[in-house]
Asker: 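Quick one: the structure is below, questions incoming.
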Amino acid sequence: MKIAVACDHGGFRLKNVLIQELQNQGYEVVDFGTYNEDSCDYPDYAVKAARAVASGDCEKGVVVCGTGIGVSITCNKVHGIRCALCHDVFSAKATRAHNDANMLAMGQRVIGEGLAVEILNAWLNTEFEGGRHVQRIEKMMKIEGEE
Ligand code: RB5
């Protein structure tokens, strides 16, 4: 499975930890930057990962900034993206099972690396439950075309 990743300077270190974890597990990682800790603008990088997921080039995406908020808001501007900001394992599982989230956002300044890796794995290993959640997602995604 191909995973898109991106970050800003505030998420650079955690992104590298997550890339290592993904590669150790055999995922193919496409890294859209940023590639160092020089100050930069998170939308420039997050949107690239989001577009790669929306186009189907990558199956899922993982984005990191200082809080996770800026990258998650950015990704959710791209049609077809459901990017969930998660800082606990329960939410990471729930957003896959109920929202079929295709992107995960986390904040390097919010949680430690160990928890972030646990959240990543919980998110990757949880399947969408379908059923009653399908119509809810359809309603949510329909809003994109109406605004
Ligand atoms: C950068 O200082 C910081 O604003 C950014 O990483 C992120 O937290 C924005 O939401």
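When a ligand or atom number is given, it counts from 1 through the structure's own listing order.
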Asker: With a 4.0 Å cut-off, would you call Lys142 and Glu146 a salt bridge?
Answerer: yes
Asker: Does a donor on one side chain and an acceptor on the other come within less than 3.5 Å for Gln20 and Asn24?
Answerer: yes
Asker: Looking only at the side chains, is there a donor atom on one of Glu59 and Asn102 sitting less than 3.5 Å from an acceptor on the other?
Answerer: no
Asker: Would you mind listing which atoms of ligand 1 come within a distance below 4.0 Å of any non-hydrogen atom of Gly66?
Answerer: 5 (C), 6 (O), 7 (C), 8 (O)
Asker: Answer yes or no: does an N/O atom from Cys65 fall short of 3.5 Å to an N/O atom of ligand 1?
Answerer: no
Asker: Quick one: does Tyr42 get an N or O within less than 3.5 Å of an N or O on ligand 1?
Answerer: no
Asker: For the pair Phe128 and His133, name the ring-plane relationship: parallel under 30°, tilted 30 to 60°, perpendicular over 60°.
Answerer: tilted
Asker: Heavy-atom contacts with Arg109 under 4.0 Å: which atoms of ligand 1 show up? List them by number with element.
Answerer: 1 (C), 2 (O), 3 (C)
Asker: Quick check on His9 - does any of its heavy atoms sit under 4.0 Å from an atom of ligand 1?
Answerer: yes
Asker: Between Gly70 and ligand 1, does any nitrogen or oxygen pair lie at a separation below 3.5 Å?
Answerer: yes
Asker: Less than 4.0 Å from atom 4 (O) of ligand 1, is there any heavy atom belonging to the protein?
Answerer: no
Asker: Check whether any side-chain heavy atom of Leu104 lies under 4.5 Å from a side-chain heavy atom of Val63, and answer yes or no.
Answerer: no
Asker: Any side-chain heavy atom of Met106 within less than 4.5 Å of one from Leu85?
Answerer: no
Asker: Can you name the atoms of ligand 1, numbered from 1 with element, that are less than 4.0 Å from a heavy atom of Asp8?
Answerer: 1 (C), 5 (C), 6 (O)
